Amino acid sequence: MSAFDEAIARDQRVEPADDMPEGYRKTMIRQIAQHAHSEIIGMQPEGEWITRAPTLRRKAILLAKVQDEAGHGLYLYSAAETLGADRGDLTRRLIEGRQKYSSIFNYPTLSFADVGVIGWLVDGAAICNQVPLCRSSYGPYARAMIRICKEESFHQRQGYELLLTMMRGTDAQRAMVQESVDRWWWPSLMMFGPPDADSPNTAQSMAWKIKRHTNDELRQRFVDMTVPQAEALGVTLPDPELRFDAERGHYHFGQPDFEELRRVISGGGPMNEQRIARRRQADEDGAWVREAAAAHAAKLAEVAR
Amino acid sequence: MSFDDAYQALTDHDDDARWAYGTGFTDPLAGVPSEVPPEVDAADLASYCLMLGDDALILSHRLQEWVTRAPELEDELALANIALDLLGQARLLLTRAGQVLECSEDDLAFRRDTTDFRNVCLAERADGDFAALIARLFVLVSWRLAAFDRLTGSRDAMLAAIAAKGVKELTYHRDYAAQWVVRLGDGTALSHDRMATAISAVMPATAELFETHPVEERLAATGVAVDPASLRHEFNAVLSEVLTAARLWPVPFAAGTATYPPGRHRGSGGRDGLHTAGLTGVLVEMQSVARAVPGGVW
Amino acid sequence: MRHEWPLFEVFVRAKRGLNHVHVGSLRAADHEMALHHARDLYTRRNEGVSIWVVRSDQVATTDPGEKESFFEPSGDKVYRHPTHYTIPESVPHI
Ligand SMILES: [Fe+2]
Ligand SMILES: [Fe+2]
C-alpha cells in the first residue's frame, strides 16, 4: 500500500509535498479552482447592490460580506497553488471559459430582497456543501474550508435577518421577499449538482475522500433544514410537491429542472456572459497596474543588490 | 467542529485560537458623553459633522464602485477595507450630527438632496482609472489624517473619540495610497504617465480643502474644529515627500490656483452645498432603494 | 501564463504569547505590499497582533522521502517525556 493510500485509508490528510496520484492532484486542482472561481464570480450578483443598500448598516454588512467572498477566493487559490497550480493560469482558464464556477451566480439580482435571499438560501446551500469539505483529504483545502465556513456563518444569518425585518415591513416589502424566494429556490437546489445517477465523478471523489456526501444527500439535508426556516419567515417555497414524509423522516420535494442546470453550467444562463466579461475586464484593466508594481519591485531589488 | 449538523458546526467556536479567528470587538464611543460643550453652537457642530461625514460617505461610495473591478484580488480586499472604514467614520459623524438635528444617520444619508450635502467636490468625482482612484484617495486621506490628528484634542468629546478611532484607520489608508503612488510613479513609463496625469488632474480640486468655512472658523475659535488652512503645511510636506519618491515632484500646477465649475467661485463649493453633477449621480444611485420603498424597514 | 507577482507565505500571531501560525499565501509585488495584503486578507476579524511574510520560493522544507531519517529517531526517546518517570503521589509540586 502506498503512503498516499495509507493516509487516505487512515483518514489522515494529504499534504502538499506528499506523493499523490496524478489524477488526485488534477481533480483536486480542478475542484479547488472551480470553488475559488465561484467565490470570486459570486461577488458580482450582490456586489451590484452595495452602492444602493437602503441603510448604512446594511451597506456595511453587504460590503463586508462581498469582501469576505474575495477573501474566500484567495484562501482557495492559495490552496490550489500548493498543488503547483499558478493563479495567473487559473484566472486565464476562468476568463477564457475553460474552467467552470457555480451555476447559481449566473442568475441576475433584481431587487434588494435578493441580498437577503442569497444570504439565506445560496450561502445556506454553500454551507451544506462546504462543512463536509472541512474534512477533505487534502490538508490545505480542508484548512481553507474551516476558515471559510466560520466566516460563512455570518453571511447566512445576515441574509435571514434582513428577510425577517422586511417581512415585518410593508406589504410591498413582503411581496418583494416572496418574489425573490420564488426565483431563487430552484436554482439553490441545483447548487448541489446533478442527481447522483448522473454524477459520474462522485464514486472516485468519495474514494479519495475529496467528497464526503453525494449530491442528493446534501440536497436533502438542505431542504430539511430550510423548510422550517421558510415557515418561521412566513414565505411559501414554490414547490407544490413539498411535504414532510413521516416514514422517511425527511421532506419530500419536487425534481429541480436539471436540464436548466446543464444549460446554465455550459454557459447558457442569463448572466454567464456578463459575469465572465466583468472578470476579464478587471483583469485586462489591471494589467498595467500589476506590471508597474512588478517593475517597481524589480528596481528596488536591483538597488538592494 | 461537528459535521452532522452543518449549522451547528458553524457556531462551534471553541477552537478559535487555533485558527486565529477574531474576537474582542469594541464600541469606540462607549461611555463618551454626548452633550454639546458649553459656548458651542449646536447647529454649527452638526454642520461640521456633516462636512466630515459626507466626505467619508461619498468617498466610500466611489470606492465601493471598485468592488469586482480592482486590478488584483488582494487590492479588492484592501479597497473594500478602506471603504468600510470610511463608511464607519461617516456613520459615526452622521449619528453625531443627528443627535443635534434629531434624526438618524439614515435620514441624513438617504433623505437629503444634493444641495444639503456638505462634502468637498473632490470626494464626488468619478475615477477614470486606478491612477485616478489612487491620486484622489491619497490627497483626500492625507488631508483627513492631518485634520483628524488635530481633532483628537477637540472640546467635543464625541468628535475627539471619532477622530482618535479614525486616525488609526487613516494612517493605514494613507500608507496604502502612498505606496501605490510610488509604485505607479516609479513603475513603467506607462504607469508613470498615468500617475502624473492623475495627480495633475486632482490637484486643482484640493484648493477647496484648505478654504476656511465660516462654520469651521467659529468652531475652531471654541476649540471644537480645526481650521483647514492650518493643515496646508503638513499636507504639502507629505505630498512632496511621496511625490518625490514617485519621481513625480514637482507637480505641473501652480499651488493655490483652483479651477471651479461654471457658476462657482472661491468660498462657494461643496461645503455650501454647491456640487458637480458627480454628486447627483452618486445620490441617485445611493438613495434609489431607500426612496423607492416608502415606509420600508431594512 | 504565470502571475505577474510572486507568491508569499503568511504567518499570523493571534495574540501575544502565541507562536506565529501559517495561515496561507498571497500574491504581492514586494514585501511591503505583501504585509499590507496579509493584513487585509488574513486579519479582517481582529485575528492578529503580528504578521510575518516570506517569499514562498525562499522556504526550505524537509523532503517527505526523508521522513524516516528526519523524524523517527526521536520517536523512541521516551525518557524525554515527563510521564516517563514515576514519582510517588505524596511528593508535592512535581
Ligand atoms: Fe464564500
Ligand atoms: Fe458567503
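None of these values were measured; they are calculated from a predicted model. Lettering follows sequence order; numbering is per chain, from 1.
- Within 6.0 Å of atom NE2 in His233(B), 12 or fewer heavy atoms from other residues, nucleotides or ligands are found, so the atom counts as exposed in its surroundings.
- Atoms CG and CG, on Asn81(B) and Asp40(C) in that order, are 4.5 Å from each other to the nearest 0.5 Å.
- A donor-acceptor distance shorter than 3.5 angstrom exists from the side chain of Tyr172(B) to the backbone of His36(C), with no hydrogens or angles considered.
- Distance alone, capped at 3.5 Å, is enough to place a donor-acceptor pair between the Glu74(B) side chain and the Arg27(C) backbone.
- A distance of 9.5 Å separates CG in Leu73(B) from CG in Leu41(C), rounded to the nearest 0.5 Å.
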Go through the steps for Met33(C) and Trp180(B) under the test side chain to side chain contact (heavy atoms under 4.5 Å, CB included), then give the verdict. CA-CA 9 Å; Met33(C) 191 197 271; Trp180(B) 269 114; 3.6 Å; yes

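- A distance of 7.0 Å separates CG in Asp175(B) from CD in Glu32(C), rounded to the nearest 0.5 Å.
- Annotation: the span from Gln179(B) atom CD to Leu35(C) atom CG amounts to 9.0 Å, rounded to 0.5 Å.
- More than 12 heavy atoms of other residues, nucleotides or ligands shown are found within 6.0 angstrom of CG on Asp57(C).
- Contact of the His37(C) side chain with the Asp75(B) side chain is registered, since non-hydrogen atoms from C-beta on lie closer than 4.5 Å.
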Are His3(C) and Glu72(B) close enough, and set up right, to give a side-chain hydrogen bond (donor to acceptor under 3.5 Å, both in side chains), and what steps lead you there? CA-CA 10 Å; His3(C) 196 283; Glu72(B) 191 39 274; 2.6 Å; yes

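- The number of heavy atoms from other shown groups lying within 6.0 Å of CD (Glu285(B)) is above 12.
- For Lys168(B), the NZ atom counts as loosely surrounded, since its 6.0 Å shell holds 12 or fewer non-hydrogen atoms of other residues, nucleotides or ligands.
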